[in-house]
Amino acid sequence: AIRQMGEQFSHIKRLNAGDTFAIDHVPDRGTMFFVNGQPAGLPIADKRFFPAVLRVWLGSKPASPDLRDALLSYKAPAVLDALE
């Protein structure tokens, strides 16, 4: 599944300001990546793949907590900012 994702990403030369990138799980098909509303490749059928991809950004230990918060439109309460 990771190899398939890498192959799909290798065809995406660059994302520019205003471009959109989306990840979706299509039942009975698999995980799909979209650039500007167009599929980046065929669905990745491995049922474990979509939850694993989500955990990278949205799990309890994301690759970037700031990115997770931005994706979820989360802003820490001011009292929590003082604790950082």
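Scope of the values below: all heavy atoms of this structure, side chains included, with no hydrogens, waters or symmetry mates. The first residue in the sequence is number 1, and the count goes up from there. For clarity, every value in this text was computed on a predicted model and none was experimentally measured.
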**Report entry** Aromatic plane relationship, His25 with Phe50 - under 30° parallel, 30 to 60° tilted, over 60° perpendicular
**Finding:**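 The rings of Phe50 and His25 sit tilted, inter-plane angle from 30° to 60°.
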Taking the side chain as every heavy atom from C-beta outward, state whether [X] and [Y] have any pair of such atoms under 4.5 Å apart.
| X | Y | result |
| --- | --- | --- |
| Thr31 | Asp24 | no |
| Trp57 | Pro62 | no |
| Thr20 | Val35 | no |
| Arg68 | Ser64 | no |

Report task. Would you indicate whether Leu42, at its atom CG, is surrounded by more than 12 heavy atoms from other residues, nucleotides or ligands within a distance under 6.0 Å? Result -> no
[atom1] of [X] to [atom2] of [Y]: how many Å apart, nearest 0.5 Å?
| X | Y | atom1 | atom2 | result |
| --- | --- | --- | --- | --- |
| Phe33 | Phe21 | CZ | CZ | 5.5 Å |
| Ile44 | Glu7 | CD1 | CD | 9.0 Å |
| Phe9 | Ile2 | CZ | CD1 | 11.0 Å |
| Leu54 | Phe49 | CG | CZ | 10.0 Å |
| Gln8 | Met32 | CD | CE | 7.5 Å |
| Met5 | Arg3 | CE | CZ | 12.5 Å |

**Report entry** side-chain contact (heavy atoms from CB on, under 4.5 Å) against Asp28, all qualifying residues, sequence neighbours excluded
**Finding:**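 None.
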Report task. Kindly say whether Asn16 contributes a backbone atom to a donor-acceptor pair with the side chain of Asp19 at under 3.5 angstrom? Result -> yes
